[in-house]
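Each remark here refers to the structure printed beneath this line.
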Amino acid sequence: MPPTRNGFAWIALAVYSLLAVVVFSSSWIDPTARWIGSPKDPQLFIWYLGWVPHQLSQGQNPLFTDYLSYPPGVNLMWNTSMIFPAVVLWPVTALFGPVVAYNLLITAGIALSAWCGFLAARRFVDGDLPCFLAGLVYGFSPGLIAQALGHPHVVVALFPPIALLLGDEILVRRRLHPAFAGALAGVAAALQLLTGEELLAVTMLLAALTVALLASMHRDRVRASMAYVARAAASALVVFIVLAAYPLGFQFVGPQRVSGSVQGPDVYVSDLLAFFLPSNLIHFTGNVTENDAYVGLPFLALFGAGLALGWRIPRIRWIGLMTGIVALLSLGPHLHVDGFVTPIWLPWSLVAGLPLMGSALPARLMTIGFLGVGIVVAYAGTRGLAAARPWTIATGLLVVAGLALTGPPLPYPSVAATVPAFFKAGGDVEKIPSGSVVLVTPFSSKESSDAMYWQVVSGYRFRMPEGDAFTPGPYLGPHPSFLKSVLDQLDSGHQVAVTPDVRTRALADMKSFGVTTILAGPSPGQSTIVDFLTQLEGQPPLDDGGVKVWWTLSP
C-alpha cells in the first residue's frame with residue numbers, strides 16, 4: 001500500500017535528515033571533536049550556543065555581554081546570536097557540549113529547510129515525488145550548502161517556505177480564521193527575528209513585492225480579499241509586537257547599539273556568471289561562503305521549461321516571476337561579471353537605501369531564490385514525466401544532471417575542535433578569578449575567533465577586551481586600539497620594536513581594559529607575540545597547558 005500524503009511527508013523528513021547526516025558525515029564521525037565548516041566563523045556560533053544557556057541559567061539577560069569587548073561590551077541583537085535556536089538546543093548543549101549542538105544546528109537546518117520547502121511546494125505542484133525534488137533543490141542548494149561553512153543563521157532557512165505557506169493561506173485560500181492565520185505569521189516572524197534578523201528583513205521585503213505582484217495579476221479579486229487580509233495583517237502585527245518588542249527595543253535603544261551599514265555595499269553580490277558556472281570557474285568579489293547563485297544549466301533549462309509550460313497557471317507564473325525578481329535583486333547595486341564590477345545600475349541600489357537593508361548581503365537572496373527554482377523545476381518534472389517517452393527521458397536526465405552538478409562537495413569540510421589543555425576542565429584556567437579580565441592572543445576580532453572558543457571551553461571563566469562581534473562604529477571587533485593593532489601585526493609576521501612610546505601606549509591600553517592576566521595561545525605569530533610581551537612585561541611567561549601565561553603583570 002503506498003504511503004498516505006501525511007505519511008510521505010514524514011518519509012521525506014527522514015530522507016532529508018539522512019542525506020544531511022551523510023553530507024556532514026566527516027564531522028558526525030566524532031561530533032564532539034570536530035565541527036562542520038570552516039575554522040573561524042563556526043566558533044562565533046559555538047560561543048552563542050553556550051552563552052545563551054549560560055546567561056539564562058543565571059537569570060541574566062542573554063542579549064548583552066561584557067565578556068567580549070570588555071569593558072563596554074556587545075549588544076548581541078546587533079550580532080548573529082541565534083537566541084531561539086540556542087534555547088531549543090539548550091539540552092543538547094548541556095549534555096554534549098556546544099560543538100555537538102552546532103553540528104546539530106547545521107545538519108537540522110539543512111534537513112528542515114528542505115522539508116519546509118517540500119511542504120510549500122505541495123501548495124503549487126501536484127505529486128509527492130516532484131515536491132520532494134523541490135525540497136531537495138531548496139534545502140541542499142549550493143547557496144545553503146555554501147552558507148553551511150559557517151553561517152547557521154542563514155542555513156536555518158525555515159522561514160521563507162513557512163512565509164510562503166502562510167502567505168498563500170492569507171492571500172489566496174483564506175480557509176483559516178484571519179486572526180489565527182495572522183497570529184501564526186506573527187509568531188513565525190518573531191521567532192525568525194531571534195534566529196536571523198537578516199533573513200526576516202529580506203523575506204518581508206520579498207513578501208511586500210509578492211503582494212504587489214499578486215494584486216497586479218488579480219486586480220478583480222483585490223477588493224473582495226482586502227477585509228480578510230487586513231484583519232490577518234493586524235493580528236500578525238499585534239502578535240509580532242508583543243513577542244518582539246523587548247528584543248527590538250534592546251537592539252535600538254539598549255547599550256552598545258550599532259548604527260550605519262555593517263557590510264560593504266557592493267561586494268557580497270551574485271555574479272552574473274555564477275548562475276551558470278560553478279564557483280571554481282569564476283572570479284567573485286566576495287568569498288566562497290557567499291557565492292550562492294549556482295543553479296546550473298540543467299536546472300535553468302527545467303526552470304525555463306516549467307515557466308513556459310505553466311505560464312497560463314497563475315500560481316506557477318507568479319512563483320516564476322518572483323524567482324526572477326529575487327535573482328535580479330541578488331545581483332546587488334551594480335552588475336558584476338566574472339568579478340568585474342560594471343557601472344550598470346541595478347534595482348538593489350534602491351533597496352539598500354531602506355532602513356537596515358544596507359547591511360543585508362544581496363547574494364544571500366539566492367538562498368531564498370532556490371525555493372522558487374525548486375517549485376518551478378518540480379512543475380516541469382510533472383509535465384515532463386506525463387509527456388511522451390522522449391520527453392520523459394529528457395526530463396529525467398536533466399533532473400539527474402542538475403542534482404549531480406549542484407550536489408554538495410564530499411567530504412564536506414570539517415575542523416578539529418582543538419583547544420589548549422589550559423582551558424579544559426581541571427586546567428589552570430580555574431586559577432583565574434571568575435569574571436576577571438584576561439588578554440588572550442591571538443587577539444579575537446575579525447582576524448581570529450580562537451579565543452572565543454577557548455572562552456567557551458573554560459565555561460566563560462573570564463572576560464576579554466576582544467571578540468569577533470559588531471560594536472558601535474560600526475566595527476567588527478572591539479573599538480580599535482593601539483594594542484590590538486600591534487598584536488595583529490605581530491601575528492601576521494611583522495616585527496614591532498618595544499620603544500618607550502610603544503610600551504607606554506600598550507600598557508595604557510591594558511590598564512584601560514582592566515587586564516589582570518595575559519595568555520598567549522597557539523597562533524602563527526605566537527613566538528613573536530611572546531617576545532614582544534616579554535619585553536613589555538619585563539619577565540618571561542610560564543608554560544602552562546599549551547599556552548604562555550603572565551600571571552603577574554607589570555605595574
Side-chain angles (χ1 to χ4, degrees), residues 5-6 8-10 12-13 16 84 108-128 130-139 141 144 156-193 195-196 199-211 213-215 217-218 225 228-229 231-233 235-237 239-240 243 310 313-323 325-326 365 367-379:
R5 187 172 173 83
N6 288 336
F8 191 91
W10 295 114
L13 176 59
Y16 290 140
F84 176 61
I110 292 291
L112 290 173
S113 296
W115 190 56
C116 289
F118 160 79
L119 296 177
R122 294 207 296 187
R123 291 288 184 94
F124 295 84
V125 179
D126 295 327
D128 285 330
C131 292
F132 178 83
L133 172 64
L136 203 62
V137 170
Y138 174 59
S141 69
L144 288 184
V156 182
L158 285 61
F159 184 65
I162 289 174
L164 183 58
L165 284 166
L166 291 172
D168 179 66
E169 181 63 43
I170 293 170
L171 298 172
V172 179
R173 299 179 182 245
R174 301 195 293 275
R175 298 172 304 177
L176 301 176
H177 191 282
F180 180 66
L184 290 177
V187 169
L191 294 181
Q192 181 58 47
L193 174 73
T195 300
L199 191 58
L200 172 64
V202 295
T203 303
M204 290 296 97
L205 169 69
L206 297 178
L209 295 175
T210 291
V211 172
L213 179 61
L214 199 61
M217 292 172 60
H218 301 281
S225 62
Y228 182 97
V229 172
R231 288 196 294 270
S235 175
L237 184 60
V239 171
F240 178 77
L243 296 177
I313 302 174
R315 65 180 186 275
I316 299 299
R317 183 167 76 251
W318 171 67
I319 200 74
L321 290 173
M322 278 306 305
T323 304
I325 291 171
V326 171
L365 281 166
T367 61
I368 302 175
F370 274 100
L371 179 59
V373 171
I375 291 172
V376 178
V377 164
Y379 177 77

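Predicted, not measured: the structure shown is a model, and the values here were computed from it. Numbers for residues simply follow the sequence, beginning at 1.
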Inset, instruction - Taking all non-hydrogen atoms of both residues into account, name the closest pair between Ile170 and Val229 and its distance. - result: O-CG2, 3.7 Å
Inset, instruction - Could you go through the side-chain contact (heavy atoms from CB on, under 4.5 Å) check for Val326 and Leu209 one step at a time? - result: CA-CA 10 Å; Val326 171; Leu209 295 175; over 6 Å; no
Inset, instruction - Flag the pair Tyr228 / Leu176 as yes when at least one side-chain heavy-atom distance between them is below 4.5 Å, and no otherwise. - result: yes
Inset, instruction - List the atom of Tyr16, the atom of Cys131, and the distance in Å for their closest heavy-atom pair. - result: OH-O, 4.1 Å
Inset, instruction - Can you see which heavy atom on Ser235 is nearest to which on Pro178, and at what distance? - result: CB-O, 4.3 Å
Please tabulate, one pair per line, all N/O donor-acceptor pairs under 3.5 Å involving side-chain atoms of residues 108-117, not counting sequence neighbours.
from   : atom 1 : to     : atom 2 : distance (Å)
Ser113 : OG     : Gly109 : O      : 2.6
Ser113 : OG     : Val155 : O      : 3.1
Ser113 : OG     : Ala157 : N      : 3.0
Trp115 : NE1    : Ala9   : O      : 2.8

Legend entry - Spacing of Ile368 atom CD1 and Leu144 atom CG [to the nearest 0.5 Å]: 9.5 Å
Legend entry - Whether Phe124 and Trp318 hold their rings parallel, tilted or perpendicular, with breakpoints at 30° and 60°: parallel
Legend entry - Which atom of Ala185 lies closest to which atom of Leu166, heavy atoms considered: CA-CD1, 3.6 Å
Inset, instruction - State which residues pass side-chain hydrogen bond (donor to acceptor under 3.5 Å, both in side chains) with Arg173; sequence neighbours excluded, sorted by chain then number. - result: Asp168
Inset, instruction - Identify the two heavy atoms, one from Leu243 and one from Ala190, that lie closest to each other, and give their separation to 0.1 Å. - result: CB-CB, 3.6 Å
Inset, instruction - Drop me the distance from Phe8's CZ to Asp128's CG, to the nearest 0.5 angstrom. - result: 5.0 Å
Inset, instruction - May I ask you to test the Ile313-Tyr379 pair for a side-chain heavy-atom distance under 4.5 Å? - result: yes
Inset, instruction - For the residue pair Val172 and Leu214, establish whether any side-chain heavy-atom pair is separated by less than 4.5 Å. - result: yes
Legend entry - From CG (Leu158) to CG (Leu199), nearest 0.5 Å: 9.5 Å
Inset, instruction - First locate atom CD of Glu169, then atom CG of Leu164, and finally report the distance between them rounded to the nearest 0.5 Å. - result: 12.0 Å
Inset, instruction - Might you point out which heavy atoms bring Gln192 and Leu200 nearest each other, and give the distance in Å? - result: CG-CB, 3.7 Å
Legend entry - Point-to-point distance, once rounded to the nearest 0.5 Å, from OH of Tyr138 to OG1 of Thr367: 6.5 Å
Legend entry - Spacing of CZ belonging to Phe370 relative to CG belonging to Leu365, to within rounding of 0.5 Å: 12.5 Å
